[in-house]
Each structure stands twice: as C-alpha cells, then as structure tokens.
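What follows is a single structure, written as structure tokens, with notes after it.
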Amino acid sequence: QVQLVESGGGLVQTGGSLRLSCAASGLTFSNYAMAWFRQAPGKEREFVAAIRASGAVTHYADSVKGRFTISRDNAKNTVYLQMNSLKPEETAVYCCAANHGISSHESAMDYWGKGTLVTVSS
C-alpha cells in the first residue's frame, strides 16, 4: 500500500519560510518523479514544483521560481519543499504526488498525499 505523508505545514508570517516534507512508503521511491501541488480555498489545485527520480532535474511554477526549492533524499524516501518569502496568497493545502513517468502534469500523478496546510498571515 502506497502512502505519501506530508508534514511541516503551519502558520507563518508574510516573508517567512517553511520546509515541507513528504515521506513515501510502499513504492520504490527512487523510481518515481515527485511533485508538489497546492490548493487554496475556493481555487483549483495548481502545480508548484517537481523533481525527477534521480533528482537531477527540477521544474517550478513561474510564481515560485527563485523562492521555492524542491529536493529529495532517495535514501530516506523523502521529498522536500523549501519555501521562502511566503506571501498571503500562498495560503493553501500543499500535497505531494508521485509519478512513475516524467510528466509533472496533475493528471499524470499515480499517487497523492492528503496534504499539509500552510497559512501565511499578512
């Protein structure tokens, strides 16, 4: 049974930082590309960042480039999202997802976590 469990969310002030983690189990983690998505209240889910299985290639939404960093530790079956200079409009539930291919599109994801809430206060 595949499980993706996010942690690290919480309340942070505008301009602050948070580091999210997503621990994976039940799959060969090093064979999966991983991605982060977020869904703000009343809005559709949107792509944030992705990283290939090897960790050699990353991809970011334009809105987070230069502020967010995705990384992974295949020995720990964990993917991370370092978020800096957070903005109130980035308040959302952040979910990680796994894809056995290379696409970072939402429809291509094979497995999803339940998410962790990030609240950015103004």
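Remember, it's a predicted structure, so these values are computed and weren't measured experimentally.
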For residues [X] and [Y], report the shortest heavy-atom separation together with the two atoms involved.
X     : Y      : value
Pro88 : Ser122 : CG-CB, 3.9 Å
Val48 : Phe68  : CG1-CD2, 3.7 Å
Asn84 : Ser17  : OD1-OG, 2.9 Å
Ser30 : Asn74  : CB-ND2, 3.8 Å
Ala33 : Gly101 : CB-O, 3.6 Å

Apply side chain to side chain contact (heavy atoms under 4.5 Å, CB included) to the pair Glu106 and Trp112, showing each step before the final yes or no.
CA-CA 10 Å; Glu106 180 177 348; Trp112 291 86; 3.7 Å; yes
Transitive ILVMFWY side-chain link [X] to [Y], under 4.5 Å:
X     : Y     : answer
Phe37 : Val64 : no
Leu4  : Phe47 : no
Trp36 : Val5  : no

Taking the basic N atoms (NZ, or NE/NH1/NH2) and the acidic carboxylate oxygens, is any pair closer than 4.0 Å for Glu46 and Arg38?
yes
Return yes when atom CD of Gln13 has more than 12 non-hydrogen atoms of other residues, nucleotides or ligands closer than 6.0 Å, and no otherwise.
no
Report, as yes or no, whether the 6.0 Å neighbourhood of atom CG on Leu11 holds more than 12 heavy atoms from other residues, nucleotides or ligands.
yes
Could you state the interatomic distance from [atom1] ([X]) to [atom2] ([Y]), rounded to the nearest 0.5 Å?
X      : Y      : atom1 : atom2 : value
Glu90  : Leu18  : CD    : CG    : 10.5 Å
Thr14  : Glu89  : OG1   : CD    : 8.0 Å
Ser71  : Ile51  : OG    : CD1   : 6.0 Å
Cys22  : Tyr94  : SG    : OH    : 15.0 Å
Met109 : His100 : CE    : NE2   : 13.0 Å

The test is side chain to side chain contact (heavy atoms under 4.5 Å, CB included); show your working for Leu20 and Met83 and say whether it passes.
CA-CA 8 Å; Leu20 305 183; Met83 306 186 294; 3.7 Å; yes
For the pair Tyr32 and Tyr111, name the ring-plane relationship: parallel under 30°, tilted 30 to 60°, perpendicular over 60°.
tilted
Expected output: side-chain [X] to main-chain [Y] donor-acceptor under 3.5 Å:
X     : Y      : result
Asn77 : Gly26  : no
Arg72 : Arg52  : yes
Tyr60 : Ile70  : yes
Ser85 : Gly15  : no
Arg45 : Cys95  : no
Thr91 : Val120 : yes

Below 4.5 Å, heavy atoms only, C-beta onward: do Tyr80 and Arg19 meet side chain to side chain?
yes
